[in-house]
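Not measured: the values here are computed from a predicted model. Quick note: numbers below take in every heavy atom, side chains included, and nothing from hydrogens, waters or symmetry partners.
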Number of protein chains: 2
Amino acid sequence: MADVISRADATQGRPSGDSGRLIAEPLSVDERPEITFVELLFFAYRDFTSDPDAVLAAYGFGRAHHRVVHFVNRHPGIRVADLLDILNITKQSLGRVLKQLVDGGFIEQVQGPQDRRQRLLYPTETGRALGLRLMAPQERRIADALEALSPEERQGAERFLRRVIDSDQRDMVERLIGS
Amino acid sequence: MADVISRADATQGRPSGDSGRLIAEPLSVDERPEITFVELLFFAYRDFTSDPDAVLAAYGFGRAHHRVVHFVNRHPGIRVADLLDILNITKQSLGRVLKQLVDGGFIEQVQGPQDRRQRLLYPTETGRALGLRLMAPQERRIADALEALSPEERQGAERFLRRVIDSDQRDMVERLIGS
DNA sequence: GAAATTACGTCAGCCATGTTGACATATTTT
DNA sequence: AAAATATGTCAACATGGCTGACGTAATTTC
């Protein structure tokens, strides 16, 4: 358990099975250096998203609720269609969690003043508080990670993440985050 | 659609509802600079994981299969318990997808030579090919993202991701990836 | 002013993938 | 011989994606 991968077993040549159909050679970082980042992204995101889970569980919510609460707090008055665009999910998926958030008093829908078909989404005070509470551990984690980095290294982290995003989505992200 | 957030609606002061229970003030990056990284991680990971989905769909597989195939390729002969540890999922969840991968001829289980209770996992040639095919677009994406960065910026990206990982998991990750 | 389009909601049902808890089996360790 | 370990399995359940179809109100277009 402590070792996670016991090298003795993991690199022990040909398995005793039968033919040559099995492969004992590991994919190596030496040959494919990008694997490092592939796996770091996996582990970093896994831990990063685990932060809010405990908080969410107390409310009976999941990660989907978190995402909705987050972006409504970031963009009060956002239209449903725009939220769908950001989250890349379907109306039905959003509808379920949104209903729970509205019922629970975290988000309210306001009829659009110009276009009355729209239901603009606003956080309530409770919803804002929840959003902050969910983000707090993530902010701390990010701040701790950045702390040890030089300014140019920080810039590298940010530029890297921006360029991992689909090129045709970067403008939208830039507009959402600011750049 | 093009604008995603229409500023006109999004920042239009107090919603016309009723009391002061609704909040129109956006959470801002100026006050909370870590939000930039919180959201960049979200979008980057979203797009990063979308790469292999098309390939997976052709096999009727999901992301869970991808993760298993990846780590078995990276560590041929890995024990089931170690894989569970890496993926942070339960035996039952792994069991389902592993069975499909074994039935489909992508992974084989070999009885441990020292400890015959163990079922060491190896990729078949087909499984190795699938692993490479799934990782290819991700490698390209990473390589493209790194290309524009200075050596120190690249180091910043890597150090940042390493430090986002739970501190008590960093040793394990280091052992898995090498550092 | 009628017709088309848009924004949103909803119903029904399906699927993938995570969970818990309990239990079985073979093997190794004590 | 007994205890601990590695793995598998069964049943049941929850979350959160999805599709497709349909309805309604409001707006835009012709």
In whole angstrom, give the distance that lies between atom [atom1] of [X] and atom [atom2] of [N].
X: B:Leu84; N: C:dG18; atom1: CG; atom2: P; value: 11 Å
X: B:Asp85; N: D:dA6; atom1: CG; atom2: C1'; value: 13 Å
X: A:Leu56; N: C:dG18; atom1: CG; atom2: P; value: 18 Å
X: B:Leu98; N: C:dT17; atom1: CG; atom2: P; value: 13 Å
X: B:Gln111; N: C:dT28; atom1: CD; atom2: C1'; value: 13 Å
X: A:Gln100; N: D:dT15; atom1: CD; atom2: P; value: 8 Å
X: B:Leu83; N: D:dG8; atom1: CG; atom2: P; value: 11 Å
X: B:Gln114; N: D:dA6; atom1: CD; atom2: C1'; value: 15 Å

Among [options], the one nearest [X] by side-chain distance:
X: B:Ile89; options: D:dA4, C:dT19, D:dC18; result: C:dT19
X: A:Ala81; options: C:dG18, C:dC8, D:dT5; result: C:dC8
X: A:Ala64; options: D:dG17, C:dT17, C:dC8; result: D:dG17
X: A:Arg116; options: C:dG9, D:dT27, D:dT7; result: D:dT27
X: B:Arg79; options: D:dA26, C:dT17, D:dT7; result: D:dT7

Considering every strand and a 4.0 Å limit on heavy-atom distances, what is the contact class for [X]: base, sugar-phosphate, or nothing?
X: B:Lys99; result: nothing
X: B:Gly62; result: sugar-phosphate
X: A:Gln109; result: sugar-phosphate
X: A:Asn88; result: sugar-phosphate

Phosphate-side-chain proximity, [X] and [N], N/O vs OP1/OP2 below 4.0 Å:
X: A:Ser93; N: D:dG16; value: no
X: B:Thr90; N: C:dG18; value: no
X: B:His65; N: C:dA16; value: no
X: B:Arg67; N: C:dG18; value: yes

Given the structure, check if the side chain of B:Arg117 and the base of C:dT28 hold any donor-acceptor pair shorter than 3.5 Å.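 No pair found.
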Could you tell me how the ring of B:Tyr45 sits relative to the ring of B:Phe48: parallel (under 30°), tilted (30 to 60°) or perpendicular (over 60°)? tilted
Donor-acceptor pair between [X] and [Y] side chains, under 3.5 angstrom:
X: A:Gln138; Y: B:Glu34; answer: no
X: A:Ser150; Y: B:Glu152; answer: yes
X: B:Gln169; Y: A:Arg46; answer: yes

Would you kindly compare B:Val80 and B:Arg96 by the position of their nearest DNA chain D nucleotide and give the one closer to the 5′ end?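 Whichever sits nearer the 5' end wins; that is B:Val80.
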Result for 5'-nearest mapping on DNA chain D, choosing between B:Asp115 and B:Gln92, is B:Asp115
If you find the nucleotide of DNA chain C closest to A:Leu121 and the one closest to B:Leu94, which residue's nucleotide is nearer the 5' end?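 Looking at the nearest nucleotide for each, A:Leu121 comes out on the 5' side.
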Of B:Lys91 and B:Arg63, the one whose closest DNA chain C nucleotide lies more 5':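 Of the two residues, B:Arg63 wins.
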Check this for me: does any side-chain nitrogen of one of A:Glu158 and A:Arg162 sit under 4.0 Å from a carboxylate oxygen of the other? yes
Check: B:Ile165 main-chain N/O paired with B:Arg170 side-chain donor or acceptor under 3.5 Å: yes
